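I am attaching a structure below and will ask some questions about it afterwards.
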There are 2 protein chains.
Amino acid sequence: MRADARRNYDRIVEVAREVFREQGYDASLDEVAKRAGVGPGTLYRHFPKRENLLDAIMQSWVDRVTETADKALAHEGTDRDLLLNWFEQYVGLISQHKGAPAKLTSAMGDPDSPIRTKCQVLAEANDRVLERLRQDGVLREDVEPIQVCRLVGGVATIADSSELDAAAVRPMLEVVADGLLR
Amino acid sequence: MRADARRNYDRIVEVAREVFREQGYDASLDEVAKRAGVGPGTLYRHFPKRENLLDAIMQSWVDRVTETADKALAHEGTDRDLLLNWFEQYVGLISQHKGAPAKLTSAMGDPDSPIRTKCQVLAEANDRVLERLRQDGVLREDVEPIQVCRLVGGVATIADSSELDAAAVRPMLEVVADGLLR
DNA sequence: ACCTGAACACCGTTCAAGT
DNA sequence: ACCTGAACACCGTTCAAGT
């Protein structure tokens with residue numbers, strides 16, 4: 001990759017992260033290009049689809065996911081607390097900007113999505129937490145891990161679009177957690 | 001209302017219902033106007049915002065909601081079955097077209113939404129079902145009815161965007177139902 | 001090899017002119 | 001009072017010309 005291309009790529013990603021956080025996932029790509037000081041064609045050369053840009057933005061995000069799951073697993077307390085804490089972390093992780101929870105959760109089952117590797121990381125982190133509970137024998141057995149991602153992702157999606165705060169999200173996560181434990 | 005205005009209004013609503021069902025809530029309003037045989041200005045005169053059009057489309061829908069809740073309450077069987085059945089009906093009711101579950105669920109808490117009366121009808125139907133379970137003493141008491149709408153609406157939203165069928169939705173509704181019962 | 005920016009397409013929205 | 005459709009704005013997307 002040529003030096004100027006590299007520089008443009010990095011600036012676009014940095015600016016996009018900022019614009020998405022300000023205006024949500026549906027923000028104008030024209031504005032991203034302008035703020036990054038490049039022509040629209042340059043943006044499209046590097047990121048043919050909006051999702052490719054999202055994928056690039058989330059490059060550093062994957063580490064955060066793994067670390068967060070590690071911490072959640074190290075949590076001292078009841079199984080219910082562990083699960084609830086993980087759910088709250090999960091919601092935080094996928095709520096980077098407006099529209100992100102919906103985007104990430106709907107991509108969870110799509111093998112052709114440009115952000116599939118990111119979804120896999122998230123799914124694996126979730127698997128690790130659930131596996132721990134399963135070994136403790138406290139998890140109901142007729143629900144697949146991906147359905148748990150969808151349930152919590154659904155809560156995050158609604159919280160995002162209705163602009164609910166953590167205090168309003170908490171009871172919903174409790175219902176999901178209690179429904180999963182036996 | 002003048003006769004030609006009335007006729008145009010009705011045609012637009014009818015066509016919009018069809019187009020939304022085919023292409024989802026984000027469909028082009030230009031196409032709606034074209035198919036209805038009116039100019040774009042006519043559509044905007046009757047429906048200044050897209051949500052006003054959605055509201056008009058759902059005029060007959062309110063009766064269906066009330067009837068569905070009536071039937072659910074007449075259901076013979078366990079409380080869990082009653083609740084689960086209502087949840088499945090609820091998902092069906094708000095999944096009229098792509099994008100509808102998200103739209104309806106995010107409008108549930110917004111008193112300024114053009115479709116607020118429709119949301120109220122849905123919320124009241126849900127209240128009636130929950131009240132019945134509360135009287136039976138099987139419902140946990142620390143969750144507000146609107147949170148139940150959001151939980152089930154969240155499941156419907158994800159099912160909608162991920163194009164899940166009823167078989168995939170069912171286990172998620174079971175988790176929510178079991179989390180709500182004690 | 002990469003960038004630029006004009007150009008095109010599409011769509012939402014407005015409004016002057018018409019009936 | 002209502003309708004029409006041209007006009008404008010905005011944005012995504014492409015591509016010929018340039019470095």
Side-chain angles (χ1 to χ4, degrees), chain A residues 1-57 97-100 102-103 106-107 112-115 161, chain B residues 1-57 97-100 102-103 106-107 112-115 161:
Chain A
M1 203 166 188
R2 227 167 64 180
D4 55 345
R6 171 90 264 163
R7 207 184 49 227
N8 281 335
Y9 182 101
D10 290 340
R11 295 191 61 182
I12 291 169
V13 171
E14 195 181 349
V15 166
R17 188 154 25 215
E18 192 180 300
V19 171
F20 282 3
R21 205 168 38 213
E22 284 173 18
Q23 309 180 18
Y25 184 59
D26 292 332
S28 160
L29 295 185
D30 234 54
E31 179 160 343
V32 173
K34 257 174 207 140
R35 280 210 217 173
V38 302
T42 302
L43 193 153
Y44 278 88
R45 156 173 280 269
H46 289 300
F47 310 101
K49 301 173 74 173
R50 185 181 291 265
E51 284 168 303
N52 297 122
L53 186 50
L54 178 60
D55 187 60
I57 284 175
H97 52 255
K98 213 155 172 34
K103 190 77 212 168
S106 71
D112 298 330
S113 169
I115 57 166
S161 61
Chain B
M1 203 168 188
R2 227 167 66 180
D4 55 344
R6 170 92 263 162
R7 209 185 47 228
N8 280 334
Y9 182 101
D10 291 339
R11 295 191 62 182
I12 291 169
V13 172
E14 196 180 350
V15 166
R17 187 152 30 214
E18 193 179 300
V19 171
F20 282 3
R21 204 168 39 213
E22 284 172 19
Q23 308 180 19
Y25 184 59
D26 293 330
S28 161
L29 295 185
D30 235 53
E31 179 160 341
V32 173
K34 258 175 206 140
R35 280 210 216 175
V38 302
T42 303
L43 194 153
Y44 278 87
R45 155 171 282 267
H46 289 300
F47 310 101
K49 300 174 74 172
R50 185 181 291 263
E51 283 168 304
N52 297 122
L53 186 48
L54 177 60
D55 186 60
I57 284 176
H97 53 254
K98 212 155 173 31
K103 191 76 211 169
S106 71
D112 298 329
S113 170
I115 58 168
S161 62

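Convention: sequence-line order gives letters A, B, ...; per-chain numbering from 1. Small disclaimer: the values here were computed from a predicted structure and weren't measured.
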CE (A/M1) and CZ (A/R7) are apart, to the nearest 0.5 Å, by 11.5 Å
Test your reading of the model: is there a side-chain donor-acceptor pair from B/N52 to the backbone of B/K49, 3.5 Å cut-off?
yes
Could I get the full list of ring pair (Phe, Tyr, Trp, His ring centres under 6.0 Å) partners for B/Y44, not counting sequence neighbours?
none
Output the distance between atom CG (A/L43) and atom OH (A/Y9), rounded to the nearest 0.5 Å.
11.0 Å
Is the phosphate of C/dC3 approached by A/H46 (side-chain N or O, under 4.0 Å from OP1 or OP2)?
yes
Separation between CZ (A/F47) and OG1 (A/T42), nearest 0.5 Å, reads 11.0 Å
On a heavy-atom basis, which atom in B/R50 and which in B/F20 lie closest, and how many Å separate them?
NH1-CE1, 4.3 Å
For a stem of at least 3 consecutive Watson-Crick or G-U pairs with distances under 3.5 Å, i pairing with j, i+1 with j-1 and so on, which stems involve DNA chain D?
C:4-8 with D:12-16, C:12-16 with D:4-8
For nucleotides 9-15 of chain C, list the nitrogen or oxygen atoms of the protein found under 3.5 Å from its nitrogen or oxygen atoms, one pair per line.
from: C/dG12; atom 1: OP1; to: B/L29; atom 2: N; distance (Å): 3.3
from: C/dG12; atom 1: OP1; to: B/R50; atom 2: NH2; distance (Å): 2.8
from: C/dG12; atom 1: OP2; to: B/S28; atom 2: OG; distance (Å): 3.4
from: C/dG12; atom 1: OP2; to: B/L29; atom 2: N; distance (Å): 3.0
from: C/dG12; atom 1: OP2; to: B/D30; atom 2: N; distance (Å): 3.2
from: C/dT13; atom 1: OP2; to: B/Y44; atom 2: OH; distance (Å): 2.8

In short, A/A56 meets A/V13 closest at the heavy-atom pair CB-CG2, 3.8 Å
For the CG atom of A/L53 and the CD atom of A/E51, what is their distance to the nearest 0.5 Å?
11.0 Å
Is there side-chain contact between A/L54 and A/K103, with at least one heavy-atom pair below 4.5 Å?
yes
Check DNA chain D against residues 4-19 of chain B and give the residues with a non-hydrogen atom under 4.0 Å, in numerical order.
B/D4, B/A5, B/N8
Roughly how far apart are A/N8 CG and A/R2 CZ, rounded to 0.5 Å?
9.5 Å
Between the protein and nucleotides 17-19 of chain D, list the N/O to N/O atom pairs that are separated by less than 3.5 angstrom.
none

Would you list the pairs meeting side chain to side chain donor-acceptor pair (under 3.5 Å) in which at least one residue belongs to residues 12-26 of chain B, sequence neighbours left out?
B/E18-B/R35, B/E22-B/R35, B/Q23-B/E31
Quick check for you: to the nearest 0.5 Å, what is the distance between A/I12 atom CD1 and A/I57 atom CD1?
11.0 Å
